[in-house]
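Beneath this line is the structure, given in structure tokens, with notes to follow.
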Amino acid sequence: MKHIILASNSPRRRELLAGLNLDFEVRVLPGIPENYPRSLPASEVAGFIAREKADAYREIIGQNDLVVTADTVVVVGNEILGKPKDAEDARRMLRLISGRTHQVVTGVCLLTADKERCFSVTTDVTFKQLSEEEVTYYIENYKPFDKAGSYGIQEWIGYVGVTSISGSYFNVMGLPVQRVWEEIKKL
């Protein structure tokens, strides 16, 4: 079995990968940019960034290492919602997803010394029309500033706001663990 390195500071990704009962360590290289060409279709951005993160590890991994990188974006129409800058930006994003369906795309790269498997998983999430009181309550009490699209589906807003989901729930949390499991087995 390979020595698995999760290249992510996300507590949600740590929790999800741990759910597969695989031994792994978290090792994050500082300063990896998360930029992408503005001409790239929104559905391809997460995969592009995950591959860029993996490339940063290419020269430093050992023969027995398997590096897991990931990036998640929320897409409304053709607009990518990243992590909010502040409470007002979070409010703007929650208003955008309110009463409609959006896509959550997670790109993942699995990198070994001699192989690379990169893929993206998309999940459709539909929210009810959120009231201003619900939006304010969520921002004030859950401070979703480290979450793409300004929400965590596993938090209060997901309980009261999500009316349907098509695809992987865990993908919306930040790591499509079922697909990761299948791809690791192929390696």
Side-chain angles (χ1 to χ4, degrees), residues 1-36 40 43-75 80-84 103-125 142-159 162 165-187:
M1 184 63 171
K2 295 276 189 193
H3 170 246
I4 299 173
I5 299 166
L6 176 61
S8 174
N9 281 320
S10 166
R12 289 162 297 284
R13 287 195 183 111
R14 280 195 295 268
E15 173 189 344
L16 291 169
L17 192 57
L20 293 177
N21 289 330
L22 297 171
D23 290 329
F24 66 93
E25 73 166 295
V26 174
R27 190 185 317 160
V28 180
L29 297 176
I32 300 173
E34 294 189 9
N35 304 324
Y36 57 91
L40 202 61
S43 61
E44 296 176 20
V45 168
F48 179 89
I49 294 172
R51 183 173 277 115
E52 292 288 302
K53 289 177 180 178
D55 284 345
Y57 288 81
R58 195 171 301 282
E59 299 299 319
I60 62 168
I61 63 172
Q63 197 59 40
N64 195 43
D65 291 338
L66 165 61
V67 176
V68 179
T69 62
D71 190 72
T72 301
V73 297
V74 172
V75 181
I80 294 173
L81 304 183
K83 296 173 185 171
Q103 288 69 48
V104 177
V105 184
T106 301
V108 178
C109 277
L110 306 176
L111 179 70
T112 67
D114 56 355
K115 291 182 184 167
E116 178 184 85
R117 284 185 115 69
C118 296
F119 55 90
S120 291
V121 174
T122 301
T123 303
D124 290 334
V125 180
Y142 290 86
K143 315 242 183 289
F145 307 120
D146 65 337
K147 295 172 176 65
S150 299
Y151 78 93
I153 194 168
Q154 72 281 10
E155 295 176 339
W156 180 84
I157 199 78
Y159 293 3
V162 174
I165 180 171
S166 178
S168 168
Y169 171 83
F170 298 113
N171 184 55
V172 182
M173 284 180 65
L175 193 66
V177 287
Q178 185 278 328
R179 178 75 184 272
V180 168
W181 174 258
E182 293 302 321
E183 296 294 339
I184 287 175
K185 287 190 332 184
K186 290 177 187 175
L187 290 173

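Bear in mind that the values here come from a model prediction, so they are computed numbers and not experimental data.
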Indicate yes or no: at least one non-hydrogen side-chain atom of [X] is less than 4.5 angstrom from one of [Y].
X    : Y    : result
T122 : V75  : no
V108 : P176 : yes
E25  : I4   : no
T72  : R13  : yes

If we check side chain to side chain contact (heavy atoms under 4.5 Å, CB included) with F170, which of these qualifies: L175, V180, V177, T106? V177
V28, T69, V68 screened by side chain to side chain contact (heavy atoms under 4.5 Å, CB included) with L6, the one that passes: V68
Work out which heavy atom in [X] is nearest to a heavy atom in [Y]; give both atom names and the distance.
X    : Y    : result
V74  : V104 : CG2-CG2, 4.2 Å
G62  : A113 : O-CB, 4.0 Å
G174 : A70  : O-CB, 4.4 Å
Y151 : I153 : CD1-N, 3.6 Å
A7   : V67  : CB-CG1, 4.0 Å
L29  : Y57  : N-OH, 2.9 Å

Value rounded to 0.5 Å, distance of [atom1] in [X] from [atom2] in [Y]:
X    : Y    : atom1 : atom2 : result
R117 : F119 : CZ    : CZ    : 9.0 Å
L111 : D65  : CG    : CG    : 9.5 Å
K147 : Y142 : NZ    : OH    : 10.5 Å
F24  : L66  : CZ    : CG    : 12.0 Å
W181 : N21  : CH2   : CG    : 8.0 Å
E116 : C109 : CD    : SG    : 5.0 Å

Could you walk me through whether D55 and I32 pass the side-chain contact (heavy atoms from CB on, under 4.5 Å) test, one step at a time? CA-CA 10 Å; D55 284 345; I32 300 173; over 6 Å; no
Using the salt bridge (Lys or Arg N to Asp or Glu O under 4.0 Å) rule, take D71 and R51 through it: C-alpha gap first, then chi angles, then the decisive distance, then the call. CA-CA 9 Å; D71 190 72; R51 183 173 277 115; over 6 Å; no
Applying side-chain hydrogen bond (donor to acceptor under 3.5 Å, both in side chains), can you list everything that pairs with Q103, at least two apart in sequence or on another chain? D124
Does a side-chain N-to-carboxylate-O contact under 4.0 Å join E182 and K186? no
Could you check whether K2 pairs with D23 (Lys NZ or Arg NE/NH1/NH2 to Asp/Glu carboxylate O, under 4.0 Å)? no
Let me see the working for Y169 and Q154 under side-chain contact (heavy atoms from CB on, under 4.5 Å), right down to the final yes or no. CA-CA 9 Å; Y169 171 83; Q154 72 281 10; 3.5 Å; yes
